[in-house]
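Heads up, the thing below is written out as structure tokens.
Because the structure is a prediction, the values reported are computed rather than measured.
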Amino acid sequence: MQKAWRERSPQSRVKAAYQALEVSNDCATAYILLAEEEATTISDAEKLFQQALKASETAYKKSQQTQHMSSQHEAQYKRDMNVLVYTKRRLAMCARKLGRIREAVKIMRDLMKEFPLLSMVNIHENLLEALLELQAYADVQAVLAKYDDISLPKSATICYTAALLKARAVSDRFSPETASRRGLSTAEMNAVEAIHRAVEFNPHVPKYLLEMKSLIMPPEHILKRGDSEAVAYAFFHLQHWKRVEGALNLLHCTWEGTFRILPYPLEKGHLFYPYPGCTENADRELLPAFHEVSVYPKKELPFFIHFTAGLCSFTAMLALLTHQFPELMGVFAKAKL
């Protein structure tokens, strides 16, 4: 299987996976590769993942008993645990795609309960999307209460889902004309602040949610705070925003206000670290060539600042010329007068 993962050709990888199964019929990673690269339907992939689950559970139980014997056994145990978690997560995603959403939610909840220290693999983000599909907003809020914590890494899914829940409380009766006359209520202010927080984390998402830019299939890998993450988030979550009446209207009216809060130039962020300038180049490698990569909005300086800067530069240049060439500048001034 190490050879299979190194092969660049899909046909070679599949062939090597079958060779691995000839050596050992309980090779979980071989079933995983076949499910991802040879299966043509989600149902076929699910069957292969079920075989991988059976094999990975057997290997995990065996290595769990011997993990303390040596460092090599401990490494084997961690590997088997990762394979088991990955297989269960993929089975949950298959169930989600096949419409068995409650089953998918149960698998993910059990997985998070069994392996609570594996929050870095972001299973809770898959859970949030499935719960939104069920419109179980109270459960979504409970998940956010646990994972939208200052000590844990953020993502577009976390930030924008939190904004969606706060927008849901006010969006059905929100009107920009009414808000400009009477001001924002506390609930509306909370929703706007949540939207500003989400936009500061990833400023590319709103244009996809508002369909100002066309969506494409999400890439295999994404970069947090980048255009690739925005594409992936909007691809799976646009339907949830559309389902909440007025949520997209509230987003449309408020998202650009985020950039008035942030300093210029971006020496420091407001709620997060400054937006990294390296994301554009990385996103160009992750996204297809035909896609126009979204870049961080440039903040334009007001006209009077440009005018003042130009006037100061011109005055300084005249002063320098007068100091260096007083006679010539005197003749030039008399000629102009």
Side-chain angles (χ1 to χ4, degrees), residues 125 128 132 137 140-141 143-145 147-213 222-234 237-238 240-277 279-280 294-302:
E125 295 188 12
L128 284 172
L132 285 171
Y137 296 111
V140 172
Q141 186 62 61
V143 175
L144 285 176
Y147 290 98
D148 191 7
D149 185 85
I150 193 169
S151 63
L152 296 175
K154 299 294 179 288
S155 66
T157 301
I158 292 288
C159 294
Y160 279 90
T161 301
L164 176 61
L165 289 195
K166 291 190 176 178
R168 179 174 170 266
V170 298
S171 60
D172 57 336
R173 54 188 180 277
F174 176 79
S175 167
E177 293 80 13
T178 306
S180 62
R181 285 198 306 270
R182 62 166 170 76
L184 294 173
S185 66
T186 303
E188 288 172 339
M189 184 63 73
N190 289 338
V192 171
E193 287 176 354
I195 288 173
H196 286 175
R197 170 181 179 257
V199 174
E200 182 184 348
F201 182 83
N202 192 317
H204 312 295
V205 172
K207 286 190 176 181
Y208 294 108
L209 291 179
L210 298 170
E211 299 179 86
M212 298 164 68
K213 285 193 71 175
I222 64 169
L223 179 68
K224 281 194 175 184
R225 304 188 76 179
D227 191 33
S228 51
E229 184 191 35
V231 168
Y233 172 79
H237 287 259
L238 176 57
H240 307 313
W241 279 81
K242 286 184 174 180
R243 190 179 290 132
V244 176
E245 183 182 354
L248 289 174
N249 176 50
L250 179 60
L251 178 68
H252 174 73
C253 295
T254 58
W255 76 277
E256 290 181 314
T258 308
F259 305 111
R260 289 192 290 272
I261 300 172
L262 298 176
Y264 181 85
L266 289 180
E267 296 169 348
K268 60 178 181 177
H270 182 60
L271 296 172
F272 301 102
Y273 286 110
Y275 186 80
T279 56
E280 182 181 349
S294 177
V295 297
Y296 195 92
K298 297 288 190 297
K299 196 168 185 179
E300 295 184 0
L301 288 173

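- With sequence neighbours left out, the side chain to side chain contact (heavy atoms under 4.5 Å, CB included) criterion links Lys207 to Met212, Lys213, Trp255.
- In this structure, Pro203 and Glu200 approach most closely via the heavy-atom pair CD-O, 4.4 Å.
- Atom-to-atom distance recorded for His204:NE2 and Glu280:CD is 8.5 Å, nearest 0.5 angstrom.
- For the pair Leu164/Leu251, no side-chain contact is recorded, criterion being any heavy-atom separation below 4.5 Å from C-beta on.
- His237 is linked by a ring-ring contact (aromatic ring centres under 6.0 Å, His included) to Tyr233, His240, counting only residues two or more places apart in sequence or in another chain.
- Atom CD1 of Ile195 is separated from atom CG of Asn190 by 11.5 Å, given to the nearest 0.5 angstrom.
- In this view, Lys242 and Glu211 satisfy the salt bridge (charged side-chain N to carboxylate O under 4.0 Å, His left out) rule, not counting sequence neighbours.
- Contact of the Tyr147 side chain with the Ile158 side chain is registered, since non-hydrogen atoms from C-beta on lie closer than 4.5 Å.
- Residues passing the salt bridge (charged side-chain N to carboxylate O under 4.0 Å, His left out) test with Glu125: none are found, sequence neighbours excluded.
- Between Leu223 and Ser228, the shortest heavy-atom distance links the atoms N-OG, 2.9 Å.
- Residues satisfying the side chain to side chain donor-acceptor pair (under 3.5 Å) test with Asp148, not counting sequence neighbours, are Arg197.
- Proximity of Val199 to Val205: side-chain heavy atoms (C-beta onward) are nowhere separated by under 4.5 Å.
- Looking at every heavy atom in both residues, Ile222 comes nearest to Ala232 through CG2-CB, 4.0 Å.
- Annotation: side chain to side chain contact (heavy atoms under 4.5 Å, CB included) contacts of Ala187 (sequence neighbours excluded): Val170, Ser185.
- The list of side-chain hydrogen bond (donor to acceptor under 3.5 Å, both in side chains) pairs with a residue in residues 160-172, not counting sequence neighbours, is empty.
- The side chain to side chain donor-acceptor pair (under 3.5 Å) test applied to Thr254 returns no partner, not counting sequence neighbours.
- Residue pairs meeting the salt bridge (charged side-chain N to carboxylate O under 4.0 Å, His left out) criterion with at least one member in residues 222-233: none, sequence neighbours excluded.
- Residue pairs meeting the ring pair (Phe, Tyr, Trp, His ring centres under 6.0 Å) criterion with at least one member in residues 162-187: none, sequence neighbours excluded.
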